[in-house]
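Comments concern the structure below.
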Amino acid sequence: MIPNDAIRGHLDRTLFKVELPSSFGERYQGKVRDCYIDAAAGRRIIIATDRISAFDRVLGTIPFKGQVLNQLSAWWFGKTAAIAPSHFIAAPDPAVTVAHEATPLRVEMIVRAYMTGVTTTSIWYNYERGVRSFCGNQLPEGLTKNQALPHPIITPTTKAPPGEHDKNGSREELISEGWVTAEDFDAAARMALELFAFGQKWAASRGLILVDTKYELGRTRDGRLVFIDEIHTPDSSRYWYADDYAALTAAGKEPRALDKEYVRRWFVDHGYRGEGDPPVMDDGVRIEAARRYIQAFELLTGTPFVPDWAEPQKRVEKSLRAFFEANR
Ligand SMILES: Nc1ncnc2c1ncn2[C@@H]1O[C@H](COP(=O)(O)OP(=O)(O)OP(=O)(O)O)[C@@H](O)[C@H]1O
Ligand SMILES: [Mg+2]
């Protein structure tokens with residue numbers, strides 16, 4: 001693990017945004033990623049910036065977050081290539097993936113293995129309020145907070161157009177409302193459960209519990225259904241430490257988490273839940289958040305994180321130019 005002072009030295013060199021010439025493609029800016037889409041070539045450049053989002057808003061930057069997310073996701077795509085086809089082509093820069101452009105399904109596959117969560121769309125929030133049929137899944141009586149479900153379930157959610165909120169639904173609802181075809185839904189669900197089972201097994205071998213995750217899938221130009229965006233990162237997944245999970249939950253305490261929850265918590269403790277102007281993250285919380293992202297990378301991959309110290313904005317453009325020069 002790199003020392004805190006090294007992270008501190010990078011606090012004002014984070015990657016907030018990348019502006020590339022239009023020759024790289026049409027720009028699309030998500031909350032975390034800056035994309036450049038070349039539709040004719042069927043290709044998308046995906047730059048993982050250091051922006052962090054919570055409560056559906058961008059709340060600042062975390063040193064090395066983009067590099068961690070990009071490299072961790074690329075590592076997972078490599079590791080799971082045999083069971084989970086993906087959009088991945090290459091990672092020409094620590095913070096950049098070049099991918100096959102896909103037409104995203106209009107539903108996201110959320111896979112959950114535990115009874116947890118505090119937001120209104122989460123399974124525990126609903127279960128606590130008496131819901132026993134959640135997104136088409138029948139839930140047994142008597143489950144407690146943070147307990148494992150009898151088996152992982154899929155709770156699909158729509159990918160709402162910008163400005164509208166995503167909503168949960170059952171397979172039948174989402175198909176009859178026209179969000180997705182039965183064929184696509186069933187293929188995606190099968191792929192998601194298989195990938196999740198692999199992720200759980202791997203996480204367990206590394207002392208972690210993969211609690212739940214969100215998958216996006218899409219169809220490539222040649223008609224293949226593939227995983228897109230990112231997989232099994234601390235942004236898209238909940239992870240808990242396995243060693244003290246049983247003791248903590250038995251004592252009625254929260255499991256130790258290795259995901260974005262830490263940052264969400266900090267905002268809540270500072271009186272922010274998504275309304276109005278967010279407080280500005282101080283150095284302490286930004287450094288600790290960086291440590292946790294790096295920790296997730298190192299635990300999951302079993303290799304040390306090697307930070308790239310170069311000024312990221314310039315480096316990204318240089319890496320991409322070299323990549324396309326070599327792959328003309
Ligand atoms: N291979 C791909 N083909 C098409 N779209 C993709 C692919 N990979 C990722 N995407 C899209 O690129 C964007 C990545 O940006 P980011 O993750 O920052 O977005 P977000 O804030 O999560 O969502 P939104 O796009 O709704 O703002 C997402 O819209 C994602 O669906
Ligand atoms: Mg995203």
Side-chain angles (χ1 to χ4, degrees), residues 14-20 24-62 65-74 76-77 80-81 84-92 95-110 119 121 156-167 179-180 184 188 191-192 195 212-238 259-260 263-264 274 293 316:
T14 53
L15 184 59
F16 182 67
K17 185 178 183 176
V18 176
E19 302 266 17
L20 296 175
F24 284 98
E26 191 193 330
R27 182 181 165 79
Y28 170 86
Q29 183 168 330
K31 286 186 286 296
V32 171
R33 294 173 181 77
D34 291 349
C35 299
Y36 286 84
I37 302 147
D38 184 338
R43 186 194 65 213
R44 172 178 292 235
I45 297 166
I46 304 175
I47 301 153
T49 70
D50 294 328
R51 299 193 294 266
I52 187 162
S53 78
F55 313 101
D56 264 339
R57 306 210 12 197
V58 176
L59 297 169
T61 60
I62 306 296
K65 175 175 180 282
Q67 185 185 342
V68 167
L69 285 202
N70 184 60
Q71 290 185 332
L72 184 55
S73 199
W76 274 114
F77 280 135
T80 59
S86 85
H87 70 171
F88 186 83
I89 298 172
V96 183
T97 283
V98 175
H100 296 289
E101 170 71 356
T103 306
L105 299 191
R106 289 168 68 220
V107 299
E108 297 176 347
M109 293 287 162
I110 298 177
T119 63
T121 52
T157 171
T158 61
K159 250 175 98 79
E164 289 170 39
H165 280 295
D166 297 349
K167 71 171 178 109
W179 291 94
V180 63
D184 278 353
M191 290 165 68
L195 179 54
D212 48 37
T213 198
K214 182 198 84 174
Y215 297 119
E216 290 188 45
L217 293 97
R219 271 200 197 279
T220 57
R221 277 200 304 187
D222 53 4
R224 292 178 307 128
L225 189 59
V226 299
F227 288 94
I228 62 171
D229 206 40
E230 62 179 348
I231 57 167
H232 299 172
T233 68
D235 270 13
S236 67
S237 318
R238 257 195 201 93
D259 52 48
K260 236 167 60 170
V263 174
R264 255 186 235 116
Y293 277 101
V316 163

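Here, residue 1 is the first one in the sequence, and each next residue gets the next number. Order of listing sets the numbers, starting from 1, for every ligand and every atom in it. As the structure is a computational prediction, the values presented were derived from the model and not from experiment.
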Is the centre of the Phe77 ring less than 6.0 Å from the centre of the His87 ring?
yes

Partner residues of Thr119 under the side chain to side chain contact (heavy atoms under 4.5 Å, CB included) criterion, sequence neighbours left out:
Thr121, Ser122

Contact residues of ligand 1 (heavy atom under 4.0 Å), by chain and number
Tyr28, Gly30, Lys31, Val32, Arg33, Cys35, Arg44, Ile46, His87, His100, Glu101, Ala102, Lys159, Glu216, Ile228, Asp229

Side chains of Thr233 and Asp235, donor plus acceptor under 3.5 Å:
no

Residues that Phe55 engages under ring pair (Phe, Tyr, Trp, His ring centres under 6.0 Å), provided they are two or more places apart:
Tyr272

Indicate whether any N or O donor in one side chain lies under 3.5 Å from an N or O acceptor in the other, for Thr97 and Asn70.
yes

Excluding sequence neighbours, so at least two apart, what forms ring pair (Phe, Tyr, Trp, His ring centres under 6.0 Å) with Tyr215?
Phe227, His232

